[in-house]
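Down below is the structure, laid out as structure tokens.
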Protein chains: 2
Amino acid sequence: MRILGIDPGTLHMGYGLIDDVNGVISMVECGVLSLPKTVPLEKRLHRFYVELLDIIGSFHPEEVAVEEPFVALNVRSALAIGRAQAIAILAAAGNNLPIFRYSPTQVKQQVTNYGRSSKAQVETMVKLQLGLSVLPQPSDAADALAIAICHLQQRRLNSLISKIR
Amino acid sequence: MRILGIDPGTLHMGYGLIDDVNGVISMVECGVLSLPKTVPLEKRLHRFYVELLDIIGSFHPEEVAVEEPFVALNVRSALAIGRAQAIAILAAAGNNLPIFRYSPTQVKQQVTNYGRSSKAQVETMVKLQLGLSVLPQPSDAADALAIAICHLQQRRLNSLISKIR
């Protein structure tokens with residue numbers, strides 16, 4: 001099972017791909033799409049969309065997970081995250097890939113077992129769980145990997161629950 | 001000059017096409033893309049995107065105008081409008097069409113000459129300016145036509161200003 005995690009932003013869009021082979025998870029690739037603020041919004045959104053399609057076409061994830069802000073800081077950031085999220089959703093939907101949305105609290109809960117963990121704790125757990133010697137940089141890429149791991153844990157949980165029932 | 005106006009929403013997306021021929025404006029087409037809330041967000045966004053591409057492909061607008069919330073009511077609606085707006089921006093950008101964003105106040109100002117006019121006043125002016133016997137229905141379609149008219153007025157204003165300079 002290969003999962004693509006996306007940390008949506010209209011200036012920086014983090015992405016991270018992980019594999020789950022018989023319960024052993026590993027990092028496939030991660031990075032950040034970035035464009036300066038001087039590039040018009042429509043060009044940034046379109047470029048990110050094309051690059052996400054390219055990532056999906058190159059790495060063939062089976063499912064996509066994207067961060068969903070539960071309570072955004074303010075209206076302006078909610079508008080920006082909404083725009084970036086739509087691009088990610090569209091890239092997945094256009095490839096018939098299931099897409100799942102997780103709040104920051106869900107990501108923290110699934111990755112560190114604690115919904116209020118710090119950014120540093122999440123990053124440490126991402127590094128440990130993926131067996132990496134150093135933390136993926138920049139932080140948007142690490143965040144995207146955390147979202148992918150969150151989805152994988154949620155899948156395992158759902159699978160366990162369905163077996164119990 | 002043919003303009004496509006879009007009133008972005010993730011459940012209802014209004015669209016309106018107007019023509020400006022030697023200063024005489026007329027309505028070409030208008031309508032609303034709608035999907036029930038029971039359809040998952042990713043399917044709604046993808047369907048709206050495909051339908052907007054279809055509208056652009058059928059009517060060949062030269063420029064696109066979309067509403068930009070200046071102060072959205074709340075974070076949840078900002079997130080939704082951001083998503084819907086991104087779909088409209090992407091459909092325009094993918095066709096190399098210039099896209100312009102206008103706040104509700106700008107739309108009111110350009111269409112009725114008064115930034116705080118009521119919804120009914122805007123609708124009446126849309127009807128008058130397009131020489132229609134009845135108001136376009138539903139209101140999302142009328143709103144999209146208002147956004148297209150706003151862009152046309154702004155273009156005329158810019159053209160006048162550039163001549164004065």
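Keep in mind that the numbers below use all heavy atoms, side chains included, and drop hydrogens, waters and symmetry copies. First the proteins, then the strands, lettered A, B, ... as listed; each starts at 1.
- Listed by sequence position, A/A86, A/I87, A/I89, A/L90, A/A93, A/G94, A/I99 are the residues of residues 86-99 of chain A in contact with chain B, using a 4.5 angstrom heavy-atom cutoff.
- Following chains of ILVMFWY side-chain contacts shorter than 4.5 Å, one can reach B/V64 starting from B/V28, so the two form part of one hydrophobic cluster.
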With a 3.5 Å cut-off and sequence neighbours excluded, list the donor-acceptor pairs that the side chains of residues 147-154 of chain A form with protein atoms.
unit_1	atom_1	unit_2	atom_2	d
A/H151	ND1	A/Y102	OH	2.7
A/H151	NE2	A/E63	OE1	2.6
A/Q153	NE2	A/Q129	OE1	3.1
A/Q154	OE1	A/Q110	NE2	2.7
A/Q154	NE2	A/N158	OD1	3.2

**OP:** Decide yes or no on side chain to side chain contact (heavy atoms under 4.5 Å, CB included) for B/R83 and A/R83, but give the supporting numbers first.
**Re:** CA-CA 5 Å; B/R83 286 170 181 154; A/R83 286 171 180 152; over 6 Å; no

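- Following chains of ILVMFWY side-chain contacts shorter than 4.5 Å, one cannot reach A/Y114 starting from A/V122, and the two form parts of different hydrophobic clusters.
- The cluster map of Ile, Leu, Val, Met, Phe, Trp and Tyr, joined by side-chain heavy atoms under 4.5 Å apart, puts B/M27 and B/V126 in the same cluster.
- Inspection of non-hydrogen atoms places no residue of residues 1-24 of chain B under 4.5 Å from chain A.
- Salt-bridge check for B/R76 with A/E68: failed, with every basic side-chain N at 4.0 Å or more from each acidic carboxylate O.
- Contacts of residues 35-61 of chain B with chain A at a heavy-atom distance below 4.5 Å involve B/L41, B/E42, B/L45, B/H46, B/Y49, listed in sequence order.
- Residues A/L128 and A/L135 do not share a hydrophobic cluster, clusters being chains of Ile/Leu/Val/Met/Phe/Trp/Tyr side chains in contact below 4.5 Å.
- Residues A/V32 and A/L130 do not share a hydrophobic cluster, clusters being chains of Ile/Leu/Val/Met/Phe/Trp/Tyr side chains in contact below 4.5 Å.
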